[in-house]
Visitor: 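Below is the structure I would like to discuss, written out as structure tokens.
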Amino acid sequence: MDTMQDIIDLDRYPLDRPESPEWQALVARARAELARDGMFNLEGFLKPEAIGTAISALVPRFDGESFTHARKHNIYFRKEIPGLAPGHPALREFETVNRTLCGDQIGGVVAALYDWPGFARFLAAAMEKPVLHTMDDPLARVNAMAYGEGEALNWHFDRSEFTTTLLLQAPEAGGEFEYRSDLRSDDDPNYEGVARLLAGGDPALKRLTLGAGTLNVFKGKNTAHRVTPVKGARARIITVFSFYERPGVRFTEEEQRGFYGRAA
Ligand SMILES: [Fe+2]
């Protein structure tokens, strides 16, 4: 059984010492970066050996039993938007392709991290939530995605306020995270701005290249983002951790089938 000391660089990121001055300083840094940049990154969060262990466990499963998720979608993941004509350039469609593993196919280091209370406690503090809970959903709780050559996660806004990911393997090239901060707001959908971004004409677009082992927490509800197509033989492999403010959250069967091609 792996201990957290073997998985997380606890010297750098003292998640095992909640409320200590070092832990509070890390929380303060995360909050400040979320407010300023809409995200924070903890580079080298996962120890190199743990990255290797996680990759070795996941790669055979990606090859043997993953769900290939390929779909055409617009930035809203909805066919129609009330008030927008069907041909509006903000509704331009793109393709997203990846291979996905679900919570019931992921064990070892990744599952141990997800289920460790110190992880949720730190994330809750960083996100200024009283508490965060792991999901009860056997599929959705933690996912791993592999993007092979030419595959991409295309333009979208997130459903949830925060998204927590951990990059396990960076590709040789491509697979860059692109985002346009605060492209819309809860009050203003800014369809013209969305159309301009999708046409490649937004000068405020930013790009981020992450290294393996980096924990990223991102506010993606109103910040448009995508991952550009991967280049080269090495896949981009990333895990996504889902937490909720209330306990016991599960997807509906329809959501499970939509995201994972099966129900459980
Ligand atoms: Fe996203």
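Fair warning: this is a prediction, and the values are worked out from it, not measured in the lab. Order of appearance sets the numbers: ligands from 1, and atoms from 1 within every ligand.
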Visitor: Please report whether the ring centroid of Tyr114 lies less than 6.0 Å from that of Phe243.
Guide: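 Close enough - the centres of the two rings lie under 6.0 Å apart.
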Visitor: Do Thr100 and Asn98 have a side chain donor and acceptor closer than 3.5 Å?
Guide: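 Yes, a side-chain donor-acceptor pair sits under 3.5 Å.
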Visitor: Is NZ or CZ of Arg184 both nearer than 6.0 Å to the six-membered ring centre of Tyr76 and within 45° of the ring axis?
Guide: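 Ring-cation test returns no.
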Visitor: Among Asn74, Val194, Leu198, which residue meets the side-chain contact (heavy atoms from CB on, under 4.5 Å) test with Trp155?
Guide: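 Option passing the side-chain contact (heavy atoms from CB on, under 4.5 Å) with Trp155: Leu198.
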Visitor: Counting only heavy atoms not in Glu19, do more than 12 fall under 6.0 Å of its CD?
Guide: yes
Visitor: Under 6.0 Å between the ring centres of Phe119 and Phe241?
Guide: yes
Visitor: Count up the protein N, O or S atoms sitting under 2.8 Å from the Fe ion (ligand 1), would you?
Guide: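 Count of protein N, O, S atoms less than 2.8 Å from the Fe ion (ligand 1): 3.
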